[in-house]
Amino acid sequence: METIESIKLVQAVKEGNAKAFNHLVNNWYQKIYNYALKFIGDHERAMEITQKTFIAVHQHIGQLKDAKLFKSWLYQIAINYCREEGRKQKRKWIFPFVSFKQQDSQFAEVQDFIKTPQANLEQEELNELLLKALALLPEDQRAVVIMKEYEGLKFREIAQVLNVSENTAKSRMYYGLKHLKKTFDEWNINKENTYYEY
Amino acid sequence: MNTEKDIAQLMDYLYGEMNTSEKAIFEKKLAENPALQAELDNLKSTKQLLGKSKEEVPTQPLVINPVLQVYKSKDQYWRRWAGVAASLLLILLTAAWWNLSISVGDGSITISFNKSQQSKLLKEKVAVEENLNAQRLELNEYLKNRVAALRDSLDKQFLMRKTQLSEVSSSQIADHNNRDFITKEELSVVLNSINQEQSENIAILINASAENQKQYSQSLVTELATYMEAKRESDLELINYALNEMQMRSATKQEQTEMVLAKLLEKWENE
């Protein structure tokens with residue numbers, strides 16, 4: 001639910017208030033960065049997507065008719081840039097995670113981990129593996145999983161962002177979790193070897 | 001195999017999007033359905049693993065303002081070039097309005113304003129020349145008539161003298177009849193008298209012609225000088241007007257640019 005303050009802030013940005021825009025960026029940029037990072041799996045490109053997203057916000061916020069819809073509008077922009085980046089990477093044939101199983105060096109790390117199930121994962125390693133697992137999800141499922149799990153959007157909001165029904169959003173979340181479960185099992189990642197409590 | 005409804009309920013339950021009554025009904029359903037419960041447990045464990053990913057804090061600040069300023073700069077850049085284009089257009093329109101003409105030839109560059117004015121002046125020049133030619137023809141006609149008149153006068157005088165001479169001759173013949181001849185002195189006096197009159201007439205004619213020629217030349221020079229002065233005055237007025245116009249437009253443009261810059265500075269300071 002949008003707060004009155006956040007609606008007023010968006011309204012001020014729409015009216016061209018530069019300070020309000022800086023405030024808005026401060027409120028949202030970490031979230032958008034994390035969304036992009038989890039979607040793309042690369043810090044530099046995530047920063048680039050975040051930057052592009054806020055530039056687009058600055059340029060097109062006048063077109064946003066209802067300030068209450070800012071959150072879903074913002075995520076729509078970010079997702080579009082993430083998808084565009086994904087397409088670029090596929091064209092370049094260097095998308096690192098889609099061909100993960102064929103990437104010897106990266107896969108070797110996981111292979112090593114599988115061979116030593118007693119090993120405990122450090123936080124950084126776990127983060128990296130989770131990003132790789134997310135990257136293996138189909139884009140539609142990945143978008144929903146990140147928005148739900150990390151951004152805390154309601155299914156209604158996710159449906160609004162992706163312009164799908166709520167049941168479709170729930171279904172994508174469900175199959176995304178099943179897919180991840182399968183991946184975690186393959187990589188022998190479970191509660192026991194992820195003792196680190198976040 | 002879970003139905004779409006089961007999936008929706010599992011997700012709502014897992015993420016706490018059920019109200020109290022829905023939750024109670026679903027928990028009862030879970031208790032009666034171990035497979036559904038196992039499914040929920042698997043989803044929960046996966047969710048827990050996902051939850052272990054910490055939120056990353058960007059290691060570098062988002063460089064958004066300079067980028068936006070670049071966009072602004074692009075806007076300013078566009079505005080500046082639009083201003084230049086508008087100024088050029090203005091100059092071209094002014095040039096077209098004043099018929100600015102630049103020509104290169106014979107190792108020199110000629111810049112002139114208002115060709116139509118020039119053509120008007122040219123027409124005036126032609127008219128003046130035609131007028132001068134007409135006056136010259138008129139003068140020639142006058143001189144010709146004067147010469148003809150003088151010739152007539154001379155002829156008349158000659159006839160008169162001849163008659164007088166005849167009369168004198170007749171009387172002298174009569175005398176000659178008495179004397180039988182005309183003396184050489186008498187004949188010489190008559191001839192000298194005729195020559196002297198003729199010389200005076202020719203001198204008068206030449207003087208009159210020279211005087212007319214002189215007057216005509218003076219009037220020609222005066223008219224040409226007047227015409228050249230008028231043309232120079234007209235050209236200077238045109239150039240002066242064009243320069244004043246361009247200066248006024250430049251001042252307006254500068255004022256507008258200063259206002260835009262002031263607004264931008266104010267906006268930048270507010271930011």
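As a basis for the values below, the full set of heavy atoms in this structure was taken, side chains included, without hydrogen atoms, waters or symmetry mates.
Interface remark: B/Lys47 contributes backbone and side-chain atoms alike to the contact with chain A (heavy atom separation under 4.5 Å). B/Asn270 touches chain A through its backbone: at least one of N, CA, C or O sits under 4.5 Å from a heavy atom, while the side chain does not. Only the side chain of B/Glu4 comes within contact range of chain A, with at least one heavy atom under 4.5 Å from a heavy atom of that chain. For B/Leu10, the part lying under 4.5 angstrom from a heavy atom of chain A is the side chain only. Only the side chain of A/Phe184 comes within less than 4.5 Å of a heavy atom of chain B; its backbone N, CA, C and O stay farther away. Both the backbone and the side chain of A/Leu177 come within less than 4.5 Å of a heavy atom of chain B.
Remark: A/Pro138 pairs with A/Gln141, A/His179 by the side chain to side chain contact (heavy atoms under 4.5 Å, CB included) rule, at least two apart or across chains.
The choice from A/Lys19, A/Lys31, A/His43, A/Lys148 that makes the most heavy-atom pairs within less than 4.5 Å of chain B is A/Lys148.
For CG of A/Asn163, the number of neighbouring non-hydrogen atoms (other residues, nucleotides, ligands) closer than 6.0 Å is 12 at most. Summarising the local packing, CD of B/Gln135 is surrounded by more than 12 heavy atoms from other residues, nucleotides or ligands at distances under 6.0 Å. Under a cut-off of 6.0 angstrom, the local environment of NZ in A/Lys14 is crowded, with over 12 non-hydrogen atoms contributed by other residues, nucleotides or ligands.
Taking the centre and axis of the six-membered ring of A/Phe39, the NZ or CZ atom of A/Arg142 falls inside the cone set by 45° and 6.0 Å.
Taking NE2 of A/His60 as the reference point, atom CD1 of A/Ile55 lies at 10.5 Å (rounded to 0.5 Å). In this structure, the separation between CG on B/Asp12 and NZ on A/Lys154 is 10.0 Å, given to the nearest 0.5 Å. Between atom CG of residue A/Asn27 and atom NZ of residue A/Lys71 there is a gap of 12.0 Å, rounded to the nearest 0.5 Å.
Within residues 28-37 of chain B, no residue has a heavy atom under 4.5 Å from a heavy atom of chain A. Residue-level contacts of residues 165-174 of chain A with chain B, in order of numbering, are A/Asn167, A/Lys170, A/Ser171, A/Met173, A/Tyr174; threshold 4.5 Å between heavy atoms.
The backbone N or O of A/Gln30 lies less than 3.5 Å from a partner atom in the side chain of A/Asn34, making a donor-acceptor pair.
Residue B/Tyr13 is tested with B/Lys44, B/Glu22, B/Lys23, B/Glu27 for a side-chain hydrogen bond (donor to acceptor under 3.5 Å, both in side chains); the sole match is B/Glu27.
Among residues at least two apart or in separate chains, salt bridge (charged side-chain N to carboxylate O under 4.0 Å, His left out) pairs with a member in residues 173-184 of chain A are A/Lys178-B/Glu39, A/Lys181-A/Asp185.
For the pair B/Glu229 and B/Arg232, the salt-bridge criterion is met [side-chain N within less than 4.0 Å of a carboxylate O].
In this structure, A/Tyr35 has its ring center closer than 6.0 angstrom to the ring center of A/Tyr75.
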